[in-house]
Amino acid sequence: MARPNDEVAELFQEYADLLSITGGDAFKIRSYEKAARGIGGYHKDVSTLGTSELRSIPGVGASIADKIAEYVATGTVAAVERVRQKVPPGVRRLVAIPTLGPKKAAALYEQLGISSVEELEAAIHSEALRGLKGFGPRTEENILHGIRLLRQSGERVLLDTALGLAEEIVAAVSAAPGCLRCTHAGSLRRFRETIGDVDVLAAAEDSGPLMAALRDSPVVAEIIAAGEKKTSVRTTEGVQVDLRVVPAAAWGAALQYFTGSQAHNVRTRVMAVRAGLKLSEYGLFDSGTGELIVSETEDEVYGRLGLPWIPPTLREDRGEIEAGLDGTVPRLVTEADLRGDLHTHTDLTDGVGSLEHMVDAAAARGLEYYAVTDHAPDMPMQRMTAEKMLAQRERVRELDRKHPGMRVLHGTELNIGPDGDVDWPHAFLREFDLCVASVHSHFTQDRATMTRRLVRACENPDVAVIGHPTARLIGRREPIDVDLEELFRACARTGTALEINAQPDRLDLRDEHILLAKRFGVRFAIDSDAHAVGHLGFVRYGVGTAQRGWLTADDVITAWPWPRLREFLEAGRS
DNA sequence: GCCGTTTTCGGCCCGACTGTTTTCAGTCG
C-alpha cells in the first residue's frame with residue numbers, strides 16, 4: 001500500500017544510512033533524513049509534481065528534487081545505486097543491532113568483510129574481532145547481547161502495554177523520598193501507535209533514591225546504564241525504560257526536550273539559535289552570556305521562542321511550528337469532548353459483556369448516546385440471525401427508556417463482502433438506528449477490486465460508518481491494499497464517516513491517513529469497538545490518534561451532540 | 001545537501017553514558 005511518497009522517503013532514508021556507513025558528510029546525511037521525513041509527510045503525491053513544487057516540500061532543494069524526478073521517471077536513482085554497490089544490504093542490517101552504529105559497522109565490513117548479522121555472530125565466536133581497534137571484550141559482549149535482542153523481540157510494544165508499564169514505574173519513582181514530580185514523556189506522551197522505549201522524567205534535588213526505586217522495581221530484568229542523571233533498564237517483557245532526573249527548576253525544559261520528537265526538537269533548537277539563545281534539557285539560555293532565561297514550564301519555553309504551547313501529539317515536525325507562528329494551531333479534540341460511542345459488541349456475538357452491563361458502563365462514563373452494533377450473519381462464526389437481532393432490539397429499546405440521560409441506539413456491524421455487498425437488504429437495514437460496515441475477509445484482493453468494494457459500501461445509504469477502514473492488526477496483519485484517496489472522496493461525497501478504531505492493536509485509521517482524509521472533508525467516528533466493559537476506555541487511544549491527525553471536535557461525529565449526529569445519519573440515508 | 005528580514009557562503013541541536021581510551025570516539029535519544 002506504499003504511496004510513492006513513502007517509497008521515496010524509504011529510499012532517501014536508506015541512502016542516508018548507507019552514506020553514514022561509508023563515512024559521508026554528516027550534514028548531507030542529515031539533509032537526506034530530513035527530506036525523507038518531509039516527503040513522507042507531504043500531502044500531495046510526489047509522482048504528480050513538477051520540479052518547482054517538489055522544491056516547496058520542506059527539506060527538498062534542487063539536488064533532491066532532481067533525484068525524486070529521476071525516481072519517478074525511471075524507478076531508480078543512480079546515486080543510490082552507486083552507494084548500494086559499495087555497501088551490501090546486510091551491512092545496513094548491522095546498524096539495527098543495539099549499540100552498533102554506522103562507524104562500527106563500517107569497520108567490521110572494511111576490515112573483516114562482515115556483511116550480515118550471522119557472519120558477525122560467527123566472527124565474534126571465532127575471536128576474529130580480537131585486535132580490531134575499538135572492539136574490546138565488552139563491545140563483543142554487547143554486540144552478542146544486541147543480536148539476541150534483535151532476534152527475540154526488538155519489537156515495539158502497543159500503546160496500552162507501554163502506558164501500563166509507565167504508570168507502574170511512575171508510581172514507584174513518585175513514592176521515592178525526595179521525588180518532587182514524575183511523569184512519562186517521549187513517544188508515549190505523543191501517543192505514537194507503538195512505543196520503542198518508555199521515557200520517564202522526574203524532578204528531585206537528590207536523584208539517588210529515585211534511581212534506586214527504578215532499579216529495585218520488580219519489573220526490571222536488567223540494568224543497561226546507571227548514572228546520576230540517567231538510568232536505563234530493560235523490563236522482564238523486554239521493554240527499555242529510561243529514567244531522567246532533573247532539578248525542579250528545569251522541569252519545563254526537560255519535559256519539552258524528553259517529549260520530542262527529535263525532529264520537533266531540532267526545529268525548536270534552531271529557532272533558539274536564530275534568536276541568540278541556546279535550548280537544552282536544562283533550559284533556554286542566552287548564548288552570549290550563558291544566563292538562564294526560562295526553564296520551569298513548557299509554556300514559558302515555547303513562549304520565549306515566539307510559539308504557543310504545542311500539544312505533544314502534534315510535535316512531529318508536520319507543520320506544528322509553522323502553525324504556531326501563524327497562530328493556527330488547532331484546538332484538538334479531547335476525551336472530554338466525546339459524547340458517544342458508535343461501535344460496540346455484546347455477548348450476543350463475540351463480546352464478553354452482557355447488553356445490560358455494557359449499557360450501564362457506558363452510562364456510568366457519562367455518554368450522551370451509545371450504539372450496540374453486534375456482528376451480522378455473513379460472519380458465520382457469530383451465528384447471527386434476523387430473529388436474534390430483532391429480539392435484541394426490543395431489549396435495547398427498553399434500556400433506552402431506562403436511561404433517560406443517554407440514547408441507546410440499535411445498530412449492527414455489517415460485513416463488506418468481496419464485491420461490496422453487505423449482509424441484509426435495505427428493507428431490513430433501514431430499521432437500524434445506524435450501520436457500521438467493515439472488511440473482515442478477503443484481505444488480499446488487488447487494489448482496484450478492494451477500492452471498488454469499499455466505495456460501494458460507502459454508496460450504500462444505510463452505511464453510516466466504515467469500521468477499521470484498513471483492517472490492519474499492528475504487528476500481525478498488513479493493511480488491505482486500497483486507494484485511500486478514492487475512498488476519502490467517496491466518504492466525503494456520500495456523507496459516510498470513517499472510523500478511528502481505538503483498539504490498541506488496530507488504531508485504524510492511523511494518524512497520517514487521518515491527516516490526509518481530513519483534507520478531503522471526511523468526518524470521523526472515534527469508537528472503542530469494545531468487546532468488554534473494560535474496553536470502553538480504549539477511546540483515549542483513539543483520541544490520541546485523532547489528535548495526531550490534527551482533528552478538532554468538529555471533525556469527529558462522536559463529539560457532536562445527538563441532534564447534530566441524528567441529522568448527519570438521516571442526511572446519509574436520503 | 002539545504003537554507004537565508006544578520007548570510008547566496010558558511011553555517012547546520014546537544015548532552016549522557018559506555019568502553020577503550022592515555023584524552024576521546026561511538027552510540028543513543
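Labels below follow one simple rule: chain letters A, B, ... track the order of the sequence lines, proteins then strands, and each chain is numbered from 1.
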Short N-O contact, A:Glu141 and A:Arg138, less than 4.0 angstrom: yes
Interatomic distance at P, B:dT20 relative to B:dT27, whole Å: 13 Å
Inter-nucleotide C1' distance (B:dG1, B:dT8), Å rounded: 14 Å
Ionic contact status for A:Glu322 with A:Arg267, cut-off 4.0 Å: yes
Phosphate OP1/OP2 of B:dC13: any A:Arg30 side-chain N/O under 4.0 Å: yes
A:Thr139 vs B:dT20: side-chain N/O to OP1/OP2 distance below 4.0 Å: yes
Nucleotide nearest A:Gln262 (side chain, heavy atoms from C-beta), chosen from B:dT27, B:dC2, B:dG29: B:dG29
Side-chain (A:Arg472) to main-chain (A:Asp508) donor-acceptor, under 3.5 angstrom: no
Any donor-acceptor N or O pair under 3.5 Å, side chains A:Thr545, A:Asp511: no
5' priority, DNA chain B, between A:Gly101 and A:Ile224 [closest heavy atom]: A:Ile224
Nucleotide of B:dA16, B:dG19, B:dG1 approaching A:Asn142 most closely (side-chain heavy atoms): B:dG19
Sugar-phosphate, base or nothing in reach of A:Ala35, heavy atoms under 4.0 Å: nothing
Atom-pair distance (CD1 on A:Ile97; P on B:dG26), nearest Å: 17 Å
Touch class at under 4.0 angstrom, heavy-atom based, for A:Ile29 against every strand present: nothing
P gap between B:dT21 and B:dG15, integer Å: 27 Å
Candidates B:dG29, B:dG1, B:dA16 - which lies nearest the side chain of A:Lys67: B:dG1
Side chains of A:Asp17 and A:Ser20, donor plus acceptor under 3.5 Å: no
Nearest-Å distance for atom pair CG/C1', residues A:Asp317 and B:dC2: 14 Å
Nearest-neighbour nucleotide for the A:Pro102 side chain, B:dG1, B:dT27, B:dT18 considered: B:dT27
C1' spacing across the pair B:dC13 / B:dC2, given as an integer number of angstrom: 16 Å
Sugar-phosphate only, base, or nothing, as touched by A:Ala272 at under 4.0 Å among non-hydrogen atoms: nothing
Short side-chain N/O contact to B:dC14 OP1/OP2 from A:Asn265, under 4.0 Å: no
Side-chain donor-acceptor contact under 3.5 Å, A:Asn142 with A:Thr139: no
Short side-chain N/O contact to B:dA16 OP1/OP2 from A:Lys229, under 4.0 Å: yes
Atom pair distance, as rounded to whole Å: CZ in A:Arg190 and C1' in B:dG29: 11 Å
Residue-phosphate contact under 4.0 Å: A:Lys103 side-chain N/O, B:dG19 OP1/OP2: no
Plane angle bin for A:Phe538 and A:His535 - parallel if under 30°, tilted between 30 and 60°, otherwise perpendicular: parallel
Any A:Arg269 side-chain N or O less than 4.0 Å from OP1/OP2 of B:dC13: no
First encountered from the 5' end of DNA chain B, between A:Val273 and A:Lys133: A:Val273
Protein-nucleotide distance (A:Tyr257, atom OH; B:dG15, atom P), rounded to Å: 9 Å
Atom-pair distance (CD on A:Glu228; P on B:dG15), nearest Å: 17 Å
Separation between the C1' atoms of B:dG11 and B:dT6, rounded to whole Å: 12 Å
Sugar-phosphate, base or nothing in reach of A:Arg244, heavy atoms under 4.0 Å: sugar-phosphate
Partner nucleotide, any strand, of B:dG11 [Watson-Crick/G-U, under 3.5 Å]: B:dC2
Rounded interatomic separation in angstrom, taking CG from A:Leu94 and P from B:dG26: 16 Å
Sugar-phosphate only, base, or nothing, as touched by A:Lys34 at under 4.0 Å among non-hydrogen atoms: nothing
Under 4.0 angstrom between A:Lys28 side-chain N/O and B:dC12 OP1 or OP2: no
Separation of atom CG in A:Asp199 from atom P in B:dA16, rounded to whole Å: 16 Å
Length of the line joining A:Lys104:NZ and B:dG19:P, which is rounded to integer Å: 10 Å
Nearest to side-chain heavy atoms of A:Arg138, which nucleotide of B:dG1, B:dT20, B:dA16: B:dT20
